[in-house]
Amino acid sequence: RLMIELMKTRRLIRYITEYDFLNLPPMEDNRMVIAMKILQFGVIWGWNADIYFGGLSYLVMIQLTLKFGYCYLTPFAFAGLGNLLGNFLKREEEAYWFGQLASKFELGIDAIPPTTMVVHCYLNHLRLPVSASLEPYLSAYRVSLETGDLGMGSICLCNYLWTYQFCGLPLVPLASDFRKILAELRLCQQEFLLAFLLPDFYFALNLTGQMENPTLVSWGKIHQSSLFTYKTIVSTEHPAELKRLYTQMFNALI
């Protein structure tokens, strides 16, 4: 059903120009705005449980936008459409175009974390270096501290830290950023995220020679201190969990 609805939506919008998209009338029906928010929850649930349900939620958001106008979640919906076009139809040029379209909307503060997350996780790298996503990731995380949308903000933060490492950039600035970030997370009582990112913080300190107590990065020490925090939340087979385990092993090896 997802493929059928995706093809229908693609045909529906094929003659709509960028100018038309960017000048949609505002969504004045508050019930539709609430519906868009509920559908966004459906997308997020779909990422973890049912990718097809999440994809259909994106498409319904597009349909509501075309019928009732623009709201703050419209850029998120168009970025999601790009994600579907890239993943299911392999239309990378179209996918990237919708990612750029989503970024051209005048984003309100509530729209920045979710839109940035989708555009830079799934679309921007189709044409640009992944390092181009570092500043948007970090900015979206900072905005999430203001809006309280730490769900999307935490994904942007994790991707910022991991992309920074994979780009092979100097780690001294990252270690400095990390100290500020950990302090912010403690202030916001984000214990899960603190434990999840701790191995990456030790990684930055370890490779820059700033690790005051090397025993903190032993496999047993990190595994024991952080495992209890999210043992029931993230399965061992989850890609993010595997990445964290590999970072711990690398720290212990050093």
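R31 is linked by a salt bridge (Lys or Arg N to Asp or Glu O under 4.0 Å) to D29, counting only residues two or more places apart in sequence or in another chain. Legend: residues meeting salt bridge (Lys or Arg N to Asp or Glu O under 4.0 Å) with R142, ordered by chain and number and at least two apart, are E184. Contacts of R10 classified as salt bridge (Lys or Arg N to Asp or Glu O under 4.0 Å), with partners at least two apart in sequence or in another chain: E94. Evaluation of the side chain to side chain donor-acceptor pair (under 3.5 Å) rule for S131 yields no partner, not counting sequence neighbours. Under the salt bridge (Lys or Arg N to Asp or Glu O under 4.0 Å) criterion, K8 pairs with E5, not counting sequence neighbours.
Within the structure, no pair that satisfies the side chain to side chain donor-acceptor pair (under 3.5 Å) test touches residues 50-61, not counting sequence neighbours. Applying the salt bridge (Lys or Arg N to Asp or Glu O under 4.0 Å) test to pairs two or more places apart or on separate chains, none has a residue in residues 148-175. Evaluation of the ring pair (Phe, Tyr, Trp, His ring centres under 6.0 Å) test over residues 19-45, restricted to residues two or more places apart or in two chains, returns F21-F78, W45-F53. Residue pairs meeting the side chain to side chain donor-acceptor pair (under 3.5 Å) criterion with at least one partner in residues 72-88, sequence neighbours excluded, are T65-T74, N83-N87. Note on residues 167-178: pairs passing side chain to side chain donor-acceptor pair (under 3.5 Å), not counting sequence neighbours, are Y160-D177.
Listed by chain and number, the hydrophobic cluster partners of I38 are I34, where partners are ILVMFWY side chains within reach of under 4.5 Å, directly or through others. Side-chain contacts under 4.5 Å among hydrophobic residues (ILVMFWY), followed directly or transitively, place L187 with no other residue at all.
Put simply, CG on N159 and OH on Y164 are 16.0 Å apart, with the number rounded to the nearest 0.5 Å. The CG atom of L134 sits 6.5 Å away from the CG atom of L169 when rounded to the nearest 0.5 Å. A distance of 11.0 Å separates CG in L59 from CG in L64, rounded to the nearest 0.5 Å.
A chain of hydrophobic side-chain contacts below 4.5 Å, direct or via other Ile, Leu, Val, Met, Phe, Trp or Tyr residues, connects L12 to W97.
The two atoms that bring L123 and A79 nearest to each other are CD1-O, 3.4 Å, heavy atoms only.
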